[in-house]
Amino acid sequence: MSDTKPERPKKIPTPRAIRGTQDMFGAEAARFEHVIDSFNRVRKLYGFKRVEVPVFEATAVFARSLGETTDVVSKEMYTFEDRGGDSLTLRPEFTAGIARAYITNGWQQHGVLKLATHGPLFRYERPQKGRFRQFHQLDAEVIGAAEPAADVELLVLADHLLKELGIKDGVTLRLNTLGDAESRAAWRAGLIEHFTKHRDALSEDSQARLERNPMRILDSKDPRDIPVAQAAPDIDAYLTDEAGAFFEKVSAGLAAAGLKEGEHWQRDARLVRGLDYYRHTAFEFVPDAGSAWAERLGAQSTILGGGRYDGLIENLGGPATPAVGWAAGIERLAMLVDEPLEDAPEFVLSIDDNVTKQNYPDAQHLDLEFSRIMKLLRNAEISVHSDNSGKRDRRIERARRNGSKAMIFILRRVDQREVLVQIVPLVPDYDAVAAINSKSRNAVLANAGTGTHRLNCKI
RNA sequence: GCGGUAUUAGCUCAGCUGGUUAGAGCGCUGGUUUGUGGUACCAGAGGUCACGGGUUCGAACCCCGUAUAUCGCCCCA
């Protein structure tokens with residue numbers, strides 16, 4: 001309160017994280033990274049090239065691609081005006097941005113493109129478990145291929161990825177065809193006719209859906225709707241010969257790759273897509289009801305979904321271009337994977353309690369010594385970090401819990417070139433001395449008796 | 001956008017019917033013990049009981065609002 005004291009800046013109330021955003025740390029962040037690492041490994045096996053597209057685009061990119069579903073466009077996108085007065089939107093999906101890039105960069109010149117990306121997406125929705133406003137997806141697309149082989153390759157890639165992540169039993173691939181434009185339109189008309197006939201039996205929600213998005217009545221959860229939906233006609237009755245043949249080839253291709261109907265996937269003749277640029281293949285990987293996966297995911301059940309969208313690129317003003325792709329929520333996948341091993345540094349460098357000014361004349365420069373020694377070890381690809389806080393025993397405990405393999409305590413300086421260290425292994429039978437000496441030429445340990453070693457660490 | 005539940009220490013949570021100074025475990029800091037190690041004991045720091053109003057002699061507890069999380073609905077590109 002004295003006048004002479006400089007005034008402290010006023011402490012501000014800490015700004016809160018935005019609703020629906022996440023901060024990830026520790027095991028959670030490790031699982032997240034593990035999903036991405038696995039995706040990158042697997043997509044390279046299939047020859048999918050990495051692509052990067054902007055996080056924001058002209059609003060038209062998404063508004064046009066989403067077309068009629070005005071609710072999504074008007075209420076669930078992060079749309080804003082920039083300083084130049086242009087309407088921009090944070091990407092709510094990958095496909096539209098990739099399609100835009102394909103058109104504006106003339107990527108047709110590369111022929112059939114197999115592309116993969118991942119990153120943050122933004123949707124203004126009410127958050128729930130596994131559902132965020134900034135969330136992250138993996139994405140794989142094949143652009144320019146009209147053949148069912150492309151659908152098959154994507155499906156096999158998806159299946160491979162899930163197995164790589166350890167998500168095997170208890171998750172089922174549900175597969176359907178929406179047919180070509182003609183089949184789809186006919187089925188849609190048939191559904192409308194059916195539902196209109198039973199309008200009075202439907203829930204209020206579904207009566208509204210009948211106007212807006214009649215195909216969605218098929219996956220209503222309202223008990224009043226379920227019998228009506230079950231009595232509705234399947235797509236099969238409306239499939240053209242061409243569309244039927246396409247689906248046959250997808251099915252045969254999957255079988256050839258070892259994915260057999262009934263065993264590895266199931267036909268779901270009621271799986272639908274609301275947008276009318278979707279054609280032919282539509283699929284979702286969904287955890288089985290009552291499985292451990294379903295438990296962990298809550299209401300957000302689909303972990304990977306996709307389909308063929310032959311009409312989209314044309315919708316965006318490009319040439320008619322067949323394409324197929326899928327996306328998967330990284331957060332949801334991360335909820336399902338086992339915790340990967342901690343990537344703790346192999347060694348922890350620390351000061352022994354007995355280091356004094358007498359035995360370590362330049363003890364006031366210990367931080368410089370630490371920098372030097374750690375750089376030598378790191379140059380030899382040995383991972384190490386330092387920890388000098390708290391009591392020695394607690395440091396050992398902390399390092400052990402973090403998953404490090406040994407501690408290196410600096411005891412005293414021997415001479416200009418050498419310091420005396422004590423190696424404390426944290427896991428049984430770990431030969432830390434051999435681990436260092438086999439890798440490092442500039443930081444070499446020599447036995448100095450009673451568990452101590454001389455560390456030659458002259459640069 | 002609609003409905004339910006929750007929010008107490010850094011974390012996980014107790015806290016009776018509204019009643020004195022708010023509790024534990026873990027974690028953190030220090031000490032003793034141990035002395036090639038995942039020990040035990042002792043002590044300490046750490047709280048605007050989410051936030052803002054209200055009722056009451058008195059509120060962590062009851063009521064209203066807000067925020068966030070969570071469960072479901074709607075939506076799902």
Side-chain angles (χ1 to χ4, degrees), chain A residues 13-22 25-26 61-77 89-99 121-133 135 137 139 203-206 208-209 212-213 215-217 219-223 225 271-278 282 284 295 297-302 305-307 309 312 315 325-327 329 332 352-354 389-404 406-409 422-430 432-433 449-453:
Chain A
T14 305
R16 305 186 57 105
I18 300 299
R19 180 177 169 90
T21 64
Q22 323 170 67
F25 174 77
V61 169
F62 306 112
R64 186 61 63 83
S65 83
L66 295 169
E68 72 218 47
T69 44
T70 50
D71 255 31
V72 168
V73 170
S74 61
K75 293 182 186 161
E76 296 183 10
M77 297 200 309
T89 294
L90 300 183
R91 62 184 182 196
E93 57 156 330
F94 278 115
T95 309
I98 291 174
L121 304 171
F122 304 85
R123 296 182 187 177
Y124 191 81
E125 296 184 291
R126 177 132 180 194
Q128 285 179 26
K129 187 198 287 190
R131 183 165 172 168
F132 305 92
R133 289 184 170 179
F135 61 103
Q137 283 188 345
D139 185 86
S203 66
E204 300 76 25
D205 279 336
S206 284
R209 276 191 275 243
R212 283 197 334 267
N213 204 350
M215 297 172 100
R216 282 283 167 199
I217 299 175
D219 40 36
S220 169
K221 291 165 191 160
D222 193 299
D225 297 333
L271 187 78
V272 295
R273 287 285 123 91
L275 301 175
D276 64 6
Y277 57 70
Y278 281 104
E284 290 177 358
E295 193 101 342
L297 287 168
Q300 314 307 317
S301 55
T302 301
Y309 53 94
L312 173 64
N315 271 8
W326 57 251
R332 291 186 198 171
D352 191 80
D353 297 339
N354 296 323
S389 67
K391 304 198 313 181
R392 180 191 145 106
D393 282 3
R394 288 219 174 100
R395 297 201 289 269
I396 294 175
E397 251 324 287
R398 194 153 43 213
R400 188 196 307 282
R401 271 202 310 271
N402 286 341
S404 291
M407 294 209 55
I408 306 172
F409 284 106
Q422 180 191 24
I423 309 285
V424 177
L426 302 172
V427 293
D429 302 326
Y430 182 69
V433 177
T450 62
T452 64
H453 292 79

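Chain letters run A, B, ... following the sequence lines, proteins first and then strands; every chain starts at 1. Because the structure is a prediction, the values reported are computed rather than measured.
Evaluation of the side-chain hydrogen bond (donor to acceptor under 3.5 Å, both in side chains) rule for A:R133 yields no partner, not counting sequence neighbours. Not counting sequence neighbours, A:R123 has no partner by the salt bridge (Lys or Arg N to Asp or Glu O under 4.0 Å) test. Annotation: salt bridge (Lys or Arg N to Asp or Glu O under 4.0 Å) contacts of A:D352 (sequence neighbours excluded): A:R392. Scored by the side-chain hydrogen bond (donor to acceptor under 3.5 Å, both in side chains) test, A:R394 finds no partners at all (sequence neighbours excluded).
Annotation: B:rU17 and B:rG53 have their C1' atoms spaced 25 Å apart (nearest Å).
Contacts of A:Y278 with the nucleic acid, taken as non-hydrogen atoms under 4.0 Å apart, involve only primed sugar atoms and P, OP1 or OP2. Among the protein residues, A:R398 comes within range of the sugar-phosphate backbone only, with heavy atoms under 4.0 Å from sugar or phosphate atoms but none that close to a base. At the heavy-atom level, A:G97 lies nowhere under 4.0 Å from the strands shown.
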Close N or O pairs between protein and nucleotides 35-42 of chain B (under 3.5 Å):
from, atom 1, to, atom 2, distance (Å)
B:rU36, O4, A:T450, O, 2.8
B:rU36, O4, A:G451, N, 3.4
B:rG37, O2', A:R400, NH2, 2.6
B:rG37, N1, A:R392, NH2, 3.3
B:rG37, N2, A:R392, NH2, 3.2
B:rG38, O4', A:E397, OE2, 3.0
B:rG38, O4', A:R400, NE, 3.1

Check nucleotides 2-8 of chain B against the protein and report each pair of N or O atoms closer than 3.5 Å, with its distance, or say if there are none.
from, atom 1, to, atom 2, distance (Å)
B:rC2, N4, A:R126, NH1, 2.7
B:rG3, O6, A:R126, NH2, 3.4

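Of all nucleotides present, only B:rG1 satisfies the Watson-Crick or G-U wobble test against B:rC73, with each distance under 3.5 Å. Of the nucleotides present, B:rC11 is the one that pairs with B:rG25 by Watson-Crick or G-U wobble criteria, both distances under 3.5 Å. When both pairing distances are held under 3.5 Å, B:rU33 makes no Watson-Crick or G-U pair with any nucleotide shown. The partner of B:rC62 is B:rG54, by the rule that a Watson-Crick or G-U pair needs both atom distances under 3.5 Å.
Along RNA chain B, the nucleotide nearest to A:F132 and the one nearest to A:M77 differ in position, and the one closer to the 5' end is contacted by A:F132.
The base of B:rC75 sits within donor-acceptor range of the side chain of A:R131, with an N or O pair under 3.5 Å. No hydrogens or angles were tested; on distance alone, a donor-acceptor pair under 3.5 Å links the side chain of A:R123 to the base of B:rA77.
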Criterion salt bridge (charged side-chain N to carboxylate O under 4.0 Å, His left out) on A:E284 and A:R273, from CA distance to verdict: CA-CA 11 Å; A:E284 290 177 358; A:R273 287 285 123 91; 2.9 Å; yes
